[in-house]
Amino acid sequence: MSGYGDIERKWQQRWSEKGLNEANRDDRPKFMLIFAYPGVTGYLHVGHMRGFSYVDAIGRYKRMTGYNVMFPVGAHATGNGSISLANKIRKELPEWKKDKSKDDGTIGYLLRNGCPEEKLESLTEPMNVVNFFCDVYVNEYWKRFGFLADWRRFTCTLYPDYAKFIQWQFRKLRQADMLIQKPYFAPACPNCGPVAVDASETDISKGGNAENQEYTLLKFKHGDEYLVAATLRPETLYGQVCFWVNPEVEYVKIKVNGETWIVSPQAAQKLGYQKDGIETVGKIPGREMIGWKCTAPMIHRDLPVFPAKFCDPDVGTGLVTSVPSDAPDDWISLEAVKKDPTLVAEYGIPQDVIDSAVPISIISMEGYGDFPAKDAIDRLGIKEPGDPLLVEAKKQVYKDGYHLGRMKDNCGPYAGMPVDRAKDAMKDALLKAGEADVFHDLTEEVVCRCGQRVYIRRIDDQWFINYANPEVTERTKEHCKTMDIQPAEYYNNVHGVLDWFRERACVRLGNWLGTKFPYDDKWIIEAISDSTLYPIYYIISKYTNDGEITADQLKDSFFDYVFLGKGDAASVSADTGIKTELVEQVRKDVEYWYPLDLNLGGKEHMTVHFPAFLMNHTAILPKEMWPRGIMVNWYITGKKNAATGKGDKISKSKGGAQPIPGAAEKFGVDGLRLYYAHIASPFADVEWVEETVYSYRQKLDRIISFVGELNSIAADVPAGEIDKWIISRMNGHVKVIRDAMDKLDLRQLATTTYFDMVNDIRWYVRRGGKNRETVKAVLRTWINAMMPVTPHTAEELWEQSGFDGMVSEAQFPEYDESKFSADAEYGEDLIRNIMADSAQIIKVTGMQPSRVILYTASAWKRKVMDNALELLREGKLDIPGLTKRCMADEDLRRNGKAVSDLAKKIAADYIRSTPEKMRPVAETDEVSLLSSAAAFMSEEIGSPVEVMDSDAEGLYDPKGKSKAAVPGRPAILIE
RNA sequence: GCGAGGGUAGCCGAGUUGGCCAAAGGCGCGGGACUUAAGAUCCCGUACUUAGUGUUUCGUGGGUUCGAAUCCCAUCCCUCGCACCA
């Protein structure tokens, strides 16, 4: 219905026929830019196109200003996303075949986004999923949006040739001493292997906000066995007064390194993933332990075991040591337990034992008394165990305790120590003494895409890339100072990010698609680590895609030579079978295209991809190949949530967002591109509101019809002042755009092109401008400026206006000083000011004007102005100086005090001005300027406008307005 | 908590080497023009006040300065990142 598609396809085809998108080495300066390729996890949504289209627009602008641009694209498919997607489809398929009307689930999501039904069968294979989406991204998104990307260079992280490159990269990392091995605790699904737990929930279906938390396991001796409690606050050990066991839970006994531990069955299972040789040897109901005495670690006091239903068998070990002084749960439960008669009656605990459990004050901190837990409870008005506010109380006490607290004198060797230090010190001491152990757990339930619960698993020989390497870090930080990094906040912050960047697990086990780790086949290189150095691979991928070089030929000797210049072409040729000339050609390509000039990615990359991207370059490649620019873009968010006021993230994995082809159909690709470019700074989140997008579409439609109008009014009339004006203005806009784009400020380009220029050209037409030559010149510049953001529209208008060739091939005008006309610009400003003032007066007075009289300033006033200008040029303009100078003039002095008053005013007004700005004010012949515009003004104001010279004999001036006239500000009388 | 950034008129959003800032632009709203008509287009207006002026405004409270949205201090609130999601 929209009909945008035909025009879009037409031009896309012509660009492609001309090969405009293809990047080949020549003698122009080059510009290479990419967006961080997206992960293949399903359909993308309109939000993703924001950053992508910035890149195309920037590339187009660079092309138009003389650069040979390389804009390659690719896709990232490493991981288990496509595996789990394929599994889901396989699972849903039989059901769906029975009843195709059902459109929920994964299949429904695919179909809603335009997946053809007949594809479904093949999408049960992970690699088919990958290839299917690569195709969708290229054809339905990027080509659909008119990107001038070099499609010949497309690559995907699962291609065999790409794998060769990654393996080379990892060998280089090892040579650079960037790989290390050590134990690691990672979230993993028992079925699918390691999974990423993060807010985007790419790998998981539940629990994206969970954190991997480290607990200290405390071993409480009871006979030959240990009751094992998990704590986040080992520093509170001195405050323990009792031990909590849930009487309703059946605990298990497990063998751990020859010891017998009692924990909840859930904890036993979790521990199984983190400790070797754990076996369950028995069970014990919780109530059986009530009334026991167990020996606390470190302080070696005997603690009584009391019942507590708040012990969740799924959290920690399901057993809890009680520190009422600093744990609100413990405080309130202890109080409750003491009043509970069943304690004696049912569990037979002697009263004196119960009474002996008295809170011990161990931590002092500002804003709290001896018992922080009690204070928090009182403040929040908590009355009994189970109150949901206890969570808040706990958070408060923990947080304040950690940052503000100090250990009291009763804490043995830790007395006086700040809590944050005591915590580590005590944990270390406990571990050393064998009285404690370490246990990792997720803070909330996490469920894998496959439906399995996710656990923390210990991996002993995990490989890491050592991004903490001080030398490489330092080198990278130094280099960043020379880079063009947008926004400025990130430029300022990136050093900090690099400092904080530590070792990073780089390989995974399990069900995972990706490149095999070159030093040990059982590992697969994980998703972030194989996507850091890849921009350089786009130089190679062209040759592997067209078959000139095969994956087998991509040996290290080849990469070493073409990327690092090591060795020589002849021996590389001998080693790989690639022709010597071709090896040389690739080497030259690399030298020409690299480094990468711009890498653009979403803000989520700031602490993940970009630092890794930088450090891999600086660790492996020579300095002259280190990246030159980074740009970070923020998101398009979903509708704001009324309750929270926050925009929900449009989630690509959850579906529901506007599919891209549908939006392109509805608003036209250029409508969307304009929306992205102009809606806000790239460095701010934007809420997706259809009406807003639509208003940009309308804006573009108006421009299209306005261009038509311009073409039709152009006539062979002589050029006048207004032509000088519009030429001057357009020339100024060219400068604004050029300056803005030097800083990649696409939004400014859009503002200038789609708003400021439009307003000026409208004014030109309104003022009667229609000189054919002028109109053509204006259109040429204007349509050029439209090309980066709305290329299809620009081509259409370019053709319609009768220009040769395609605007995508054209060169953007240079700023031309000689086209600037201060007088013309000043003159129009003056006329507009007069009209605005008149309108103001008419509005305020509510008059129905019969005529408007404009009085220009008397000649003597102009003379004062001239004097002021001269002083300004000499840099000596001030009030006494100007007054003196004027009074020295006989003619002027005749006007008496009026002269000094005016001199005072003018001097004050222009003292900080520049001669360039002031000159037109002093020199403009206002009588002829205003007279020539009188007809126009009359029409606009709706009543006759007459211009009168204040010096004229027998001047009609019933209200004495002419006295108020000043050069640059004629007096107005409205009757 | 640590790190980064931000609070501007009905809304979005420019503006921060202090002055020309009542503060761009867009949207919305009001009025007008055109029109059979219009959700289309164009023009004007949109803090309060006013013959083109003046007054009070840029989270809040202080301060520096001849002069502050722009600098300093304090304070409240908000957003983002904090690790294996590109």
Side-chain angles (χ1 to χ4, degrees), chain A residues 35-41 74-76 78-79 81 157 184 186-187 194-204 208 211-212 399-400 402-403 420 464-465 467 487 489-490 492-493 496-497 499-506 508 526-532 534 601-610 612-613 634 645-646 653 678-681 683-687 689 691-692 695-696 698-699 701-702 705-706 709 747-748 751-752 754-756 759 762 765-766 833-845 847 909-910 912-913 917 940 942 959 961 964 969 971-974:
Chain A
F35 50 77
Y37 50 27
V40 178
T41 48
H76 185 269
T78 306
T157 58
Y184 182 55
V195 293
V197 175
D198 63 79
S200 74
E201 302 193 343
T202 307
D203 295 352
I204 56 180
E211 285 176 54
N212 177 355
K399 199 172 93 178
D400 291 342
Y402 184 73
H403 297 286
D420 57 347
F464 294 82
I465 298 177
Y467 290 115
E489 300 89 74
Y490 189 52
N492 295 332
N493 191 217
V497 172
D499 273 334
W500 155 92
F501 212 50
R502 299 196 297 274
E503 34 319 289
R504 201 175 177 96
C506 62
R508 291 190 176 208
E526 64 81 44
I528 293 169
S529 305
D530 73 353
S531 54
T532 56
Y534 72 92
K603 63 177 172 181
E604 73 277 20
H605 293 311
M606 289 195 287
T607 54
V608 182
H609 169 250
F610 286 134
F613 156 76
W634 267 234
K646 285 187 200 173
S653 54
H678 188 262
I679 181 66
S681 148
F683 321 122
D685 286 336
V686 170
E687 186 188 339
V689 179
E691 294 80 72
T692 311
S695 78
Y696 278 98
Q698 284 185 319
K699 181 82 196 169
D701 287 339
R702 267 176 265 157
S705 67
F706 185 41
E709 190 190 324
R747 187 172 190 242
Q748 182 61 61
T751 300
T752 302
Y754 301 93
F755 296 92
D756 297 344
N759 287 339
R762 280 235 159 83
V765 173
R766 201 168 147 200
N833 287 341
I834 290 169
M835 286 168 57
D837 284 349
S838 305
Q840 171 87 342
I841 296 166
I842 291 167
K843 181 194 155 207
V844 168
T845 57
M847 298 170 75
D909 282 355
Y910 291 90
R912 285 180 195 85
S913 184
K917 274 188 187 161
E940 295 284 330
K959 294 204 170 169
K961 289 280 175 195
R969 191 127 203 248
I972 302 169
L973 174 67
I974 294 180

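The sequence lines fix the lettering, A, B, ..., with proteins before strands; numbering per chain opens at 1.
- Comparing B:G13, B:A83, B:G81 by their nearest atom to the side chain of A:Ala680 picks out B:G13.
- A perpendicular orientation is assigned to the rings of A:Phe610 and A:His605, their planes being inclined by more than 60° (bins at 30° and 60°).
- Going from atom CG of A:Asp756 over to atom P of B:G25 covers 8 Å, rounded to whole Å.
- We find the OG1-CH2 distance between A:Thr607 and A:Trp500 to be 4.5 Å, quoted to the nearest 0.5 Å.
- If you check every strand for non-hydrogen atoms under 4.0 Å, A:Ile974 touches a base.
- Taking only side-chain nitrogens and oxygens, A:His609 never comes nearer than 4.0 Å to OP1 or OP2 of B:A86.
- For A:Lys959 and B:G52, the NZ to P distance is 12 Å, given to the nearest whole Å.
- Looking at heavy atoms from C-beta onward, A:Cys506 lies out of side-chain contact with A:Phe464 at the 4.5 angstrom threshold.
- Note on A:Ala836: nothing from the nucleic acid sits closer than 4.0 angstrom, heavy atoms only.
- A:Thr845 comes within 4.0 angstrom of a nucleotide base, judged by non-hydrogen atoms across all strands.
- A side-chain N or O of A:Thr752 and one of A:Gln748 form a donor-acceptor pair less than 3.5 Å apart.
- Using a 4.0 Å heavy-atom cutoff across all strands shown, A:Phe755 reaches sugar-phosphate atoms only and no base atom.
- In this structure, A:Arg502 reaches the bases: a heavy-atom distance under 4.0 Å links it to at least one base atom across the strands shown.
- Out of B:U46, B:A51, B:C43, the shortest distance to the side chain of A:Arg766 is found at B:C43.
- Comparing the P positions of B:A86 and B:C77 gives an interatomic distance of 36 Å, to the nearest angstrom.
- Within the nucleic acid shown, A:Ala527 comes within 4.0 Å of sugar-phosphate atoms alone, with no base atom in reach, counting heavy atoms only.
- One cannot find a donor-acceptor pair under 3.5 Å joining the base of B:A14 and the side-chain atoms of A:Arg747.
- Rounded to a whole angstrom, the distance from the P atom of B:G59 to that of B:G13 is 15 Å.
- Nucleotides B:A68 and B:U16, compared at atom C1', are 10 Å apart to the nearest Å.
- Pairing for B:G45 is with B:C29, a Watson-Crick or G-U wobble pair whose two hydrogen-bonding atom distances lie under 3.5 Å.
- Comparing B:G10 with B:C43, their C1' atoms are spaced 23 Å from each other, to the whole Å.
- For the P atoms, the distance linking B:G61 with B:U17 amounts to 25 Å, nearest Å.
- Atom NZ of A:Lys961 and atom P of B:U53 are 11 Å apart (whole Å).
- Base contact: A:His605 has a heavy atom under 4.0 Å from a base atom.
- Each of B:C27, B:A83, B:U46 was ranked by its minimum atom distance to the side chain of A:Phe501; first place goes to B:A83.
- Atom CD in A:Glu687 sits roughly 18 Å away from atom P in B:C27 (whole-Å rounding).
- When only modelled atom types and interatomic distance are considered, A:His609 and A:Thr532 share no side-chain donor-acceptor pair under 3.5 Å.
- Here the separation of B:A24 from B:A69, taken at their P atoms, is 15 Å to the nearest Å.
- The nearest whole Å value for the distance from the CG atom in A:Asn833 to the P atom in B:C20 is 16 Å.
- In this structure, A:Trp634 and A:Phe683 have perpendicular ring planes: the angle between them is above 60°, well past the 30° mark.
- The phosphate of B:U41 (OP1 or OP2) has a side-chain N or O of A:Arg702 nearer than 4.0 angstrom.
- By the 30° and 60° cut-offs, the orientation of the rings of A:Phe755 relative to A:Tyr696 is perpendicular.
- Below the 3.5 angstrom threshold, one finds no donor paired with an acceptor across the side chain of A:Tyr696 and the base of B:C27.
- Toward the 5′ end of RNA chain B lies the nearest nucleotide of A:Glu489, the other residue of the pair A:Glu489 and A:Gln840 mapping further downstream.
- Residue A:Trp500 and nucleotide B:A83 are classified as a stacked aromatic pair, their ring centres being separated by less than 5.5 Å at an interplanar angle below 30°.
- Comparing the same atom, C1', in B:G18 and in B:G67 gives a spacing of 8 Å after rounding to whole Å.
- Between the C1' atom of B:A83 and the CZ atom of A:Phe464 lies a distance of 11 Å, rounded to the nearest Å.
- Comparing B:U65 with B:G1, their P atoms sit 35 Å apart, to the nearest whole Å.
- For the pair A:Phe610 CZ and B:C84 P, the interatomic distance rounds to 19 Å; values are reported in whole Å.
- Of the residues near RNA chain B, A:Arg762 and A:Asn493, the one whose nearest nucleotide (by heavy atom distance) lies more toward the 5' end is A:Asn493.
- Atom CD1 of A:Ile465 and atom CZ of A:Arg504 lie 9.0 Å apart (nearest 0.5 Å).
- Computed from coordinates, the A:Asp499 CG to B:G3 P distance equals 13 Å when rounded to whole Å.
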